[in-house]
Structures are given as structure tokens and as C-alpha cells.
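Below is one structure, written out as C-alpha cells, with a few remarks after it.
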Protein chains: 2
Amino acid sequence: MNTKENAESAPRARGRPRGFDMETALDTGQRLFHAGSYDAVGLAALTDALGVKPPSFYKAFGSKSEFFAQVIERYAQAALALDEILLPDRAPVDALAELLESAARTYARDPEQRGCLVLEAARGPDGDDSAIHARRVANQRRDRIREFVARTHPERASAVTDFVASTMSGLSASAREGMDESRLLDVARTAVAGLKAQLDAD
Amino acid sequence: MNTKENAESAPRARGRPRGFDMETALDTGQRLFHAGSYDAVGLAALTDALGVKPPSFYKAFGSKSEFFAQVIERYAQAALALDEILLPDRAPVDALAELLESAARTYARDPEQRGCLVLEAARGPDGDDSAIHARRVANQRRDRIREFVARTHPERASAVTDFVASTMSGLSASAREGMDESRLLDVARTAVAGLKAQLDAD
DNA sequence: CATTTTCTTTAGTGTTCACTATAAAAATCC
DNA sequence: GGATTTTTATAGTGAACACTAAAGAAAATG
């Protein structure tokens with residue numbers, strides 16, 4: 001029944017136009033949550049940063065938790081492009097080495113955005129929607145790593161994925177505590193050495 | 001001026017006796033914080049669990065944050081006895097292997113106490129006393145690892161410590177997300193393989 | 001221009017948070 | 001037994017939290 005909603009020359013939908021841009025709001029939210037955490041950034045900080053009052057925020061996003069879910073999805077789309085790293089014709093050790101080194105670089109690149117937003121949020125309380133959603137997104141990415149490794153090492157896919165997942169969580173934690181890029185890279189390379197020992201033991 | 005306070009036959013100190021045991025309170029607090037987190041366990045939950053009202057709690061401990069500091073110190077005293085693992089006449093790889101495997105076992109042993117209380121708290125907001133204190137305790141333990149490794153590998157002590165620290169944070173995070181002991185042990189052993197590659201490259 | 005639709009603001013709401021002032025209770029001391 | 005000391009409870013405190021009811025504003029429609 002919305003056959004006209006994508007037409008370029010269609011008149012704007014009825015009603016007062018929104019006073020802020022949704023994409024800019026998500027970007028701002030992502031920055032704030034990444035610098036702090038879901039719990040540390042209250043609605044007052046969000047609405048201040050967006051220049052709107054609470055009802056406008058809720059009208060647009062429904063709730064803080066739903067807003068966060070959108071932020072998480074947005075972050076996951078842009079972070080560590082698995083599609084470009086886990087290429088089918090690529091040796092797993094090489095691909096995973098690149099993944100871990102990229103994580104090391106990314107997690108320390110911006111002093112205001114240390115670590116990984118998804119992995120940090122995944123550690124929230126079990127009952128919180130924010131943590132539940134972050135965990136789901138994290139596990140979807142882990143599934144892709146497992147499938148990638150299973151192509152060449154089906155019997156090691158789960159253990160390798162566990163190790164990569166745990167290592168990335170550790171890198172994120174260390175980055176949050178202030179570890180700089182070169183030290184994170186050293187950690188990543190040592191982890192890759194462990195991966196090689198595991199995958200080359202065929 | 002308190003020359004009599006340790007005498008067995010000395011009368012009790014003046015004043016109303018405390019209606020709860022301090023050590024039991026710290027144990028209870030440790031369990032609650034470990035199951036949840038510093039922020040997730042409010043004062044109501046604490047005082048309910050201890051069977052006291054807020055003024056009694058504050059009289060005894062000063063503040064929630066000071067109580068937590070005591071809980072953290074208590075936990076660190078008991079967890080993963082570094083003194084028994086980092087023995088001077090021991091090969092670093094063997095000692096660190098035992099440390100990481102012990103971490104894997106400890107972090108998954110009790111389904112209600114997953115991960116490491118100190119490392120989880122260390123990831124709290126930068127400005128919070130709870131996180132600041134946890135970070136300090138964590139870094140004291142890392143200093144001991146670094147000194148231990150520096151005995152035989154002075155030029156690698158920092159990088160090895162970074163790796164062990166990051167790996168333990170990763171193990172803690174994975175345990176919090178529900179990874180079981182055998183999977184954590186696999187992760188630890190792969191990490192040890194990486195350590196061997198680094199320390200045996202002399 | 002009145003109606004409809006959608007978004008915005010003002011002015012709250014109830015709950016939870018960490019913590020406190022005051023009075024009373026429980027012990028020792030002399 | 002009154003004074004002193006220490007601990008306890010009652011009854012709050014102010015602040016922050018996520019969120020909302022009602023009214024008004026800004027747009028399109030006919």
C-alpha cells in the first residue's frame with residue numbers, strides 16, 4: 001500500500017519533518033556508547049548530544065535499547081570486514097592472521113573508541129537486551145569464522161573459532177585498558193603463532 | 001593504646017556488638033559481585049543478602065566502593081596463587097602454561113562465578129573507583145608475571161606479560177559468555193603454543 | 001482554511017541509586 | 001545505675017534513570 005513511498009518526485013509525507021537526521025543520530029550514539037558503554041551513557045547525554053528532547057528520541061527510536069540495537073548492527077556492518085578477509089581461496093592461517101592484526105589496529109586506533117563496541121557490550125548482564133543483542137551479533141560473526149575454517153579444517157573449526165573469539169575479546173579488553181597498537185599487534189602475532197601450531201599440525 | 005585488644009581474657013570492647021560477621025559479609029559480597037557486576041548489584045541487594053540495613057553497612061564498610069575494594073583484594077589473595085605457580089627455578093613456559101590452564105579451569109568452574117572478578121571489574125568506566133581499583137590489582141599481578149619472565153628473558157618480559165594478560169582477559173570474557181571448561185582449556189593450550197614459539201625462538 | 005498527520009516540546013512520572021540524620025539499642029565502665 | 005561507646009533501625013535525602021501524557025508546532029491534503 002506504500003507504492004509511492006520511493007518515488008523521487010513524490011511529495012514529502014504528511015506531518016512535521018523530523019528535526020534531526022537518523023543516520024547522524026546513530027553515528028553520534030555509536031560514538032558515545034563506544035567511548036563509554038551502554039549503561040554509562042544515559043538518555044540525558046544522548047538527547048543532549050542529538051539536540052532533541054526525550055519524546056523526540058523515543059518517537060524516532062522506540063527506546064534506548066532499540067536505539068542501541070541499531071547502533072550495534074551499524075557498527076558490525078562497518079567493523080573488520082569479514083567478507084574481505086575470509087576469502088574462500090585463502091589459507092585459514094593467513095586470513096585469521098589478518099583478522100587478528102586488523103583487530104589489534106582497529107581496537108587501538110582511536111583513543112576515544114578503544115576496543116570493540118560489540119564485544120564490550122556482549123559482556124553486559126545476562127538479562128539486558130543490550131548484552132543479548134550484542135552477543136547475538138558477535139555470535140553471527142563467529143559462525144562465519146567457523147564456516148570459513150570448516151572448509152579446510154572441519155574437525156578444528158570450533159576450537160579455532162573459540163580461540164580467535166577469545167583472543168579478540170582479550171585484545172578488546174587490553175585496548176580498553178590503554179594498551180597501544182604496537183603492543184596489541186605483538187599480542188595478535190603471538191596468538192597467530194599459536195594458531196599456526198594448531199592448524200599446521202596436520 | 002590497644003595493648004589489651006588481643007588478650008583472650010580481655011573484656012569485649014565497649015558498645016553494641018556487630019550483628020553480622022565481616023568476613024562472611026565480604027564473602028557474600030564477593031559472590032554477588034562475581035555473579036553480576038559492581039554496577040548490577042545495588043545496595044539493596046547487598047544489605048538484603050547480609051541481613052542488615054544501609055546505615056549498618058555504611059558504618060562497617062564506609063561505602064559500596066570501599067566494600068568492593070576489600071572484596072577485590074580478598075579475591076585476588078585467593079585466586080590463582082601466583083606464588084605457587086611462578087616459582088623461581090621453573091621454566092617460564094611451564095609456569096605460564098600452568099597459569100593459563102588454571103585460569104581456564106577456574107573461570108569456568110562455578111556457573112555462578114564465571115570469569116575473573118578482577119578482570120571483569122577492570123573494564124568498568126575509567127572514572128569509577130571500582131574499575132580503578134580493580135585495574136590496580138590486575139596490574140600488580142601483571143607486574144609479578146613480568147618480573148618472573150624478566151629473570152630468564154628480560155627483553156621479552158613485557159611482550160609476554162601483555163600476551164598473558166590479554167589471553168586471561170579473553171578467557172574471562174569467554175567464560176562469562178558461557179564457554180565451558182574444556183573449550184577454555186583448548187584456548188589456553190593454543191595460547192601456550194604461541195608462547196612457546198615466542199620464548200623458544202632464542 | 002479546516003482537517004489530518006507526524007514530530008516537537010513542556011512538564012512531568014515512578015523507580016532505583018548510594019547515602020544520611022536521628023533516635024534507639026546493646027554493650028562496657030566506674 | 002548513669003555515662004560512655006559502638007552498632008542498629010526508621011525514615012528519610014537528592015540525584016539519576018528510562019520513559020510518558022498532553023499540548024503545540026509544522027507539514028500535506030482537499
Side-chain angles (χ1 to χ4, degrees), chain A residues 1-2 4-5 7-22 24-25 29 32-33 36-71 124-125 127-131 133, chain B residues 1-5 7-22 24-25 29 32-33 36-71 124-125 127-133:
Chain A
M1 303 305 115
N2 296 320
K4 292 227 177 142
E5 84 183 3
E8 290 191 355
S9 55
R12 219 194 64 79
R14 287 219 217 171
R16 180 171 171 169
R18 190 170 276 130
F20 63 92
D21 177 61
M22 295 284 272
T24 303
L32 289 175
F33 287 132
S37 68
Y38 179 75
D39 288 329
V41 178
L43 207 69
L46 280 172
T47 50
D48 281 351
L50 300 181
V52 298
K53 303 298 183 183
S56 299
F57 177 88
Y58 287 108
K59 180 75 184 121
F61 297 109
S63 66
K64 182 187 174 189
S65 153
E66 287 171 70
F67 177 67
F68 188 70
Q70 286 187 47
V71 165
D128 281 19
D129 284 346
S130 59
H133 194 86
Chain B
M1 305 301 116
N2 294 321
T3 51
K4 293 226 177 141
E5 85 181 3
E8 289 191 354
S9 53
R12 221 193 60 79
R14 284 218 221 171
R16 180 171 170 169
R18 190 170 277 131
F20 64 91
D21 177 61
M22 295 285 271
T24 303
L32 289 176
F33 287 131
S37 68
Y38 179 75
D39 289 328
V41 180
L43 207 71
L46 279 173
T47 50
D48 281 352
L50 301 181
V52 298
K53 303 298 186 184
S56 301
F57 177 88
Y58 287 107
K59 180 75 184 121
F61 298 110
S63 67
K64 182 188 175 189
S65 153
E66 287 172 68
F67 176 68
F68 188 71
Q70 287 187 47
V71 166
D128 280 19
D129 285 346
S130 60
I132 290 170
H133 194 85

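Chain A is the first sequence line, chain B the second, and so forth, proteins listed ahead of strands; every chain is numbered from 1. Here the structure is a predicted model, which means the values were calculated and not measured.
In this structure, B:F57 reaches neither bases nor backbone, as no heavy-atom distance under 4.0 Å exists between it and the strands shown. Among the protein residues, A:P17 comes within range of the sugar-phosphate backbone only, with heavy atoms under 4.0 Å from sugar or phosphate atoms but none that close to a base. When heavy atoms are screened at a 4.0 angstrom cut-off, B:K53 is found touching base atoms of the nucleic acid. Within the 4.0 angstrom heavy-atom criterion, no nucleotide atom of any strand lies near B:S65. Residue-level contact check: B:A60 touches neither bases nor backbone, having no heavy atom under 4.0 Å from any strand.
Regarding B:R14, its CZ atom lies at a distance of 7 Å from the P atom of C:dC29, rounded to whole Å. For B:R18 and D:dT8, the CZ to P distance is 6 Å, given to the nearest whole Å. A:L46 has its CG atom 10 Å from the P atom of D:dC17, to the nearest Å. Straight-line distance from the CZ atom of A:F20 to the P atom of D:dA25: 20 Å, rounded to whole Å. Taking atom CZ of residue B:F68 and atom P of nucleotide C:dC17, one finds them 16 Å apart after rounding to whole Å. Going from atom NZ of A:K59 over to atom P of D:dA22 covers 16 Å, rounded to whole Å. Atom CG of A:L50 is separated from atom P of C:dT8 by 11 Å (rounded to the nearest Å). In this entry the distance linking CG of B:D48 with P of C:dA18 reads 12 Å, nearest Å.
Comparing D:dA21, D:dA18, D:dA11 against the side chain of B:P55 picks out D:dA11 as the nearest.
Using cut-offs of 30° and 60° for the angle between ring planes, the A:F61 and A:F20 rings count as tilted.
Counting heavy atoms from C-beta on, the side chains of B:H133 and B:F68 never come closer than 4.5 Å. A heavy-atom distance below 4.5 Å is not found between the side chains of B:K59 and B:S56.
In terms of position on DNA chain C, the residue among B:R16 and B:G62 whose nearest nucleotide sits closer to the 5' end is B:G62. Where B:G15 and B:D39 meet DNA chain C, the nucleotide closest to each residue was compared, and B:D39 sits on the side nearer the 5' end.
B:K64 contributes a side-chain N or O that, together with a main-chain N or O of B:V41, makes up a donor-acceptor pair within less than 3.5 Å. Between the side chain of B:R12 and the backbone N or O of B:G15 there is at least one donor-acceptor pair closer than 3.5 Å.
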